[in-house]
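Notes follow once the structure below has been shown.
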Amino acid sequence: MTKLLVVATGNPGKLQEMQAYLADSGWELTLKPEELDIEETGDTFAANACLKASQVALATGEWAIADDSGLEVDALNGAPGVYSARYAPTDSERIARVLRELDGEVNRQAQFVCAIAIASADGAIAFKAEGICRGEILHTPRGDGGFGYDPIFYVPEKQLTFAQMSPELKGSISHRGQAFAALLPQLNKL
Ligand code: IMP
């Protein structure tokens with residue numbers, strides 16, 4: 001029997017991406033109702049993922065899944081962090097802001113973090129998972145794939161930025177890929 005999992009996002013791209021990660025899980029994924037808007041008021045990725053999963057589960061009476069992710073730069077004390085999506089109006093302005101704030105800084109260490117939470121129909125959190133991918137912030141963008149901060153996030157082991165990687169390679173090492181890999185065995189147990 002297929003089980004229904006409501007994805008706490010209004011973004012069809014995110015639904016598609018989750019469908020790919022959870023393809024063999026036996027769950028059918030669907031978008032949350034459009035009118036249901038949840039503010040990300042938490043101060044950690046995990047808090048925001050739990051908040052969204054819980055509220056969507058309660059509102060729909062179904063199991064719900066939510067993720068929250070972003071970039072943490074060591075020399076900026078973890079900024080932009082949970083404000084990654086809101087750091088400036090567009091992707092290129094967000095990149096420009098990070099590069100400006102790191103101007104003259106030799107420590108370029110950074111990480112992408114992804115937290116995922118799954119809530120049961122009563123709003124209780126059933127599972128959580130987190131994935132981290134370490135890298136370095138370049139001085140200028142490189143590559144034109146991916147989205148967000150991908151062109152400035154360089155992974156030394158692969159000698160590529162996220163924006164230079166195929167979706168398959170990025171998915172195999174990324175924060176999101178690792179979080180879903182950790183979640184899958186738990187989801188299969190239900
Ligand atoms: P979310 O949709 O609330 O999780 O926002 C995540 C934000 O963090 C995005 O808008 C991007 O700016 C950034 N981000 C998260 N994951 C990635 C990634 O894999 N590549 C580039 N930027 C990312």
Side-chain angles (χ1 to χ4, degrees), residues 6-21 29 31-32 36-56 64-73 76 78-102 108-118 128-138 140-155 157-158 160-183:
V6 183
V7 182
T9 181
N11 179 347
K14 201 168 243 185
L15 172 71
Q16 257 183 359
E17 193 186 35
M18 284 199 188
Q19 269 164 339
Y21 281 121
L29 273 61
L31 280 179
K32 73 165 175 61
L36 191 58
D37 218 2
I38 295 138
E39 253 194 280
E40 298 184 7
T41 52
D43 53 13
T44 62
F45 298 113
N48 279 332
C50 290
L51 194 100
K52 289 188 277 185
S54 228
Q55 292 194 21
V56 169
I65 183 169
D67 77 340
D68 196 39
S69 59
L71 177 69
E72 293 182 335
V73 179
L76 302 179
V82 290
Y83 301 105
S84 292
R86 297 165 266 172
Y87 215 43
T90 65
D91 272 348
S92 56
E93 288 168 285
R94 286 187 273 277
I95 285 179
R97 179 170 174 189
V98 169
L99 293 181
R100 199 167 56 242
E101 290 175 346
L102 279 179
R108 314 292 295 190
Q109 300 294 312
Q111 61 188 19
F112 271 119
V113 181
C114 176
I116 307 176
I118 292 189
K128 281 189 283 190
E130 194 160 275
I132 290 178
C133 182
R134 297 282 305 167
E136 293 166 13
I137 303 298
L138 294 179
T140 48
R142 203 181 290 170
D144 44 27
F147 72 100
Y149 300 91
D150 280 353
I152 54 168
F153 189 79
Y154 180 77
V155 182
E157 298 85 77
K158 304 291 176 198
L160 295 170
T161 64
F162 266 4
Q164 293 176 301
M165 295 181 190
S166 66
E168 292 73 27
L169 178 59
K170 181 185 167 185
S172 70
I173 60 166
S174 76
H175 49 311
R176 201 166 291 103
Q178 293 188 47
F180 275 100
L183 191 79

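Index from 1, following the sequence. Whatever order the structure lists them in is the order used to number ligands and atoms, beginning at 1.
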> Do the ring planes of H175 and F162 sit parallel (below 30°), tilted (30 to 60°) or perpendicular (above 60°)?
Replying inline: parallel
>> Looking only at distances, can you tell me whether any N or O atom of S69, backbone or side chain, sits closer than 3.5 Å to an N or O atom of ligand 1?
In response: yes
> Can you tell which of E40, K14, E17 gets a heavy atom nearest to atom 1 (P) of ligand 1?
Replying inline: K14
> At the 4.0 Å heavy-atom cut-off, does D150 count as touching ligand 1?
Replying inline: yes
> Between R176 and ligand 1, does any nitrogen or oxygen pair lie at a separation below 3.5 Å?
Replying inline: yes
> For ligand 1, which atoms, with element, lie under 4.0 Å from some heavy atom of D68?
Replying inline: 1 (P), 3 (O), 4 (O)
> Using a heavy-atom cut-off of under 4.0 Å, does the side chain or the backbone of F147 touch ligand 1, or both, or neither?
Replying inline: both
>> Please check this pair: side chain of N48 against backbone of G42, looking for a donor-acceptor N/O pair closer than 3.5 Å.
In response: yes
> Who's the nearest protein heavy-atom neighbour of atom 23 (C) of ligand 1, and how far?
Replying inline: F112 CE2, 3.4 Å
Just distance, no hydrogens or angles: give the donor-acceptor pairs under 3.5 Å from side chains in residues 13-21, sequence neighbours left out.
| from | atom 1 | to | atom 2 | distance (Å) |
| --- | --- | --- | --- | --- |
| K14 | NZ | D67 | OD1 | 3.0 |

> Which residue and non-hydrogen atom of the protein lie closest to atom 22 (N) of ligand 1, and at what distance in Å?
Replying inline: Y149 N, 3.2 Å
> Does an N or O from R94, backbone or side chain, lie closer than 3.5 Å to an N or O of ligand 1?
Replying inline: no
>> Determine whether T161 and F153 satisfy the following criterion, side-chain contact (heavy atoms from CB on, under 4.5 Å), listing intermediate values before the conclusion.
In response: CA-CA 5 Å; T161 64; F153 189 79; 5.7 Å; no
>> Give me the residue, atom name and distance of the protein heavy atom closest to atom 10 (O) of ligand 1.
In response: A85 CB, 3.5 Å
>> To check you understand the geometry: which heavy-atom pair defines the closest contact between C114 and I116, and what is its length?
In response: SG-CG1, 4.0 Å
> Any idea which atoms of ligand 1 are less than 4.0 Å away from a heavy-atom of K170?
Replying inline: 18 (C), 19 (O), 20 (N)
>> One pair to check against side-chain contact (heavy atoms from CB on, under 4.5 Å): V155 and M165. What are the steps and the verdict?
In response: CA-CA 10 Å; V155 182; M165 295 181 190; 3.7 Å; yes
>> Taking A88's backbone N and O only, do any of them form a donor-acceptor pair with R97's side chain (distance below 3.5 Å, no angle check)?
In response: no
> What are the two closest heavy atoms between I152 and I95, and how far apart are they?
Replying inline: CG2-CG2, 3.7 Å
>> Show, in sequence, the C-alpha distance, side-chain angles and deciding distance for L51 and E40, and conclude whether the side-chain contact (heavy atoms from CB on, under 4.5 Å) test is met.
In response: CA-CA 8 Å; L51 194 100; E40 298 184 7; 5.5 Å; no
>> Please check whether K52 reaches ligand 1 - meaning an N/O of the residue sits under 3.5 Å from an N/O of the ligand, judged on distance alone.
In response: no
>> As an exercise, identify every atom of ligand 1 less than 4.0 angstrom from a heavy atom of G148.
In response: 21 (C), 22 (N)
